[in-house]
Number of protein chains: 2
Amino acid sequence: MNAAMKDSPATQGMNREELRLAAMLKALGNPIRFRMMQYLAENRMCITGDIVAFTSLAQSTVSQHLKVLREAGLIEGEVEGPATCYCISAEGLRFLKSKISQWLPGCCEPDSDAGTSSCC
Amino acid sequence: MNAAMKDSPATQGMNREELRLAAMLKALGNPIRFRMMQYLAENRMCITGDIVAFTSLAQSTVSQHLKVLREAGLIEGEVEGPATCYCISAEGLRFLKSKISQWLPGCCEPDSDAGTSSCC
DNA sequence: ACGTAAAATCGTAATTTTACGATAAAATAG
DNA sequence: CTATTTTATCGTAAAATTACGATTTTACGT
């Protein structure tokens, strides 16, 4: 599936916001990208090279992962001389947290019998 | 990556809860599984066959997707006669929402200049 | 025990993702 | 202008995911 999460049998009937949320979840579903986000959050901002050193992956691979995160709206990059400076997208992260907190309302109530909740 | 999200270069340095969160995000990163969750939430509970009809995928494919969601702790299945009845895991969803809301604290503040936030 | 219904698992093909090296592009320094 | 530094993009191989049909398992009627 492309980062744009274009229309397909799987995405039929999803509105724009749901599609964006799904794209974010897909981007974060990769543990390397998940950790990149954490690293970026801890360091506030950094350039590609910092993340390459952190992950010990090839530079081209890191660049691809950064692209996925960027296209999902989770990070923002800004050319800073020859380098590119990345940081968490506050708007994106707010969107993610907001949508997740509202997602599937009324499904989080603890079951009467704690532990193994019987659904039937 | 397996549903168990076993240790690998990518998951080094992640604790158990982070691994569980990452596994959930990975499971939800697939738009079909994302929609299955929504369908399940709307219908409160249903059997595999209902979801097969909803998705118009092969029964074996749906069964695989359900397994991924189950192993991520997002749904629960219970044998009910010859069928299996599935429902959202309240505990799992609570875990997801809780962890996401706490994730990367301090990264959601709106930037001084709304819109294009400059990170450098 | 036999047949039916529903779901899980198996084996495998098609697609997608991930990763890498090589190359190209952009900015700066000399 | 040339060399250097940093990153992005391209082409491609390896790995993982997704999907399907066929088979097996499980539970229930008769």
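Order of the sequence lines fixes the chain letters, A, B, ..., with proteins taken first and strands second; residue numbering starts at 1 for each chain.
- Nucleotide C/dT16 holds its P atom 17 Å from the CG atom of A/Asn30, rounded to whole Å.
- For A/Gln102, the side chain to side chain donor-acceptor pair (under 3.5 Å) partners two or more places apart in sequence, or in a different chain, are A/Ser98.
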Heavy atoms under 4.0 Å is the rule here; annotate nucleotides 3-8 of chain D 5' to 3' with B where the base is hit, S where only the sugar-phosphate is, and - elsewhere.
--BBBB
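- Taking atom CZ of B/Arg33 as the reference point, atom C1' of D/dA19 lies 12 Å away to the nearest angstrom.
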Under the criterion side chain to side chain contact (heavy atoms under 4.5 Å, CB included), I'd like the reasoning laid out for B/Ile51 against B/Leu40: C-alpha separation, chi angles, the key distance, then a yes or no.
CA-CA 8 Å; B/Ile51 303 179; B/Leu40 216 42; 4.2 Å; yes
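- Straight-line distance from the CD atom of B/Gln64 to the C1' atom of C/dA14: 14 Å, rounded to whole Å.
- Spacing between atom CD of B/Glu80 and atom P of C/dA5 amounts to 19 Å, rounded to whole angstrom units.
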Identify all side-chain donor-acceptor contacts of residues 57-64 of chain A below 3.5 Å with residues at least two apart in sequence or on another chain.
none

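- In this structure, the side chain to side chain contact (heavy atoms under 4.5 Å, CB included) partners of B/Ala83, at least two apart in sequence or on a different chain, are B/Ile47.
- D/dA19 atom P lies 9 Å from atom CE of B/Met36, rounded to whole Å.
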Under 3.5 Å for both distances, Watson-Crick or G-U wobble, that's the pair rule; now give the dot-bracket for DNA chain C, with | marking pairs to another strand and [ ] for crossing ones.
||||||||||||||||||||||||||||||
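- Side-chain proximity of A/Ile32 to the nucleotides C/dC20, C/dA19, D/dC20 is greatest for C/dA19.
- Here A/His65 does not reach the OP1 or OP2 of C/dT17: none of its side-chain N or O atoms lies under 4.0 Å away.
- Atom NZ of A/Lys67 and atom C1' of C/dT18 are 14 Å apart (whole Å).
- Residue pairs meeting the ring-ring contact (aromatic ring centres under 6.0 Å, His included) criterion with at least one partner in residues 18-45 of chain B, sequence neighbours excluded, are A/Trp103-B/Phe34, B/Tyr39-B/Phe54.
- Annotation: salt bridge (charged side-chain N to carboxylate O under 4.0 Å, His left out) contacts of B/Lys99 (sequence neighbours excluded): B/Glu17.
- In terms of the side chain to side chain contact (heavy atoms under 4.5 Å, CB included) criterion, residue partners of B/Cys108 (sequence neighbours excluded) are, by chain and number, A/Leu93, A/Arg94, A/Lys97.
- Per the geometry, CG belonging to A/Leu57 stands 9 Å off C1' belonging to C/dT18, to the nearest Å.
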Start with the C-alpha distance between A/Leu28 and A/Arg33, add both sets of side-chain angles, then the distance that settles side chain to side chain contact (heavy atoms under 4.5 Å, CB included), and finish with yes or no.
CA-CA 6 Å; A/Leu28 294 175; A/Arg33 290 192 289 265; 5.7 Å; no
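- In this structure, B/Glu78 places its CD atom 15 Å from C1' of D/dT26, rounding to the nearest Å.
- Residues satisfying the salt bridge (charged side-chain N to carboxylate O under 4.0 Å, His left out) criterion with B/Arg20, sequence neighbours excluded, are B/Glu91.
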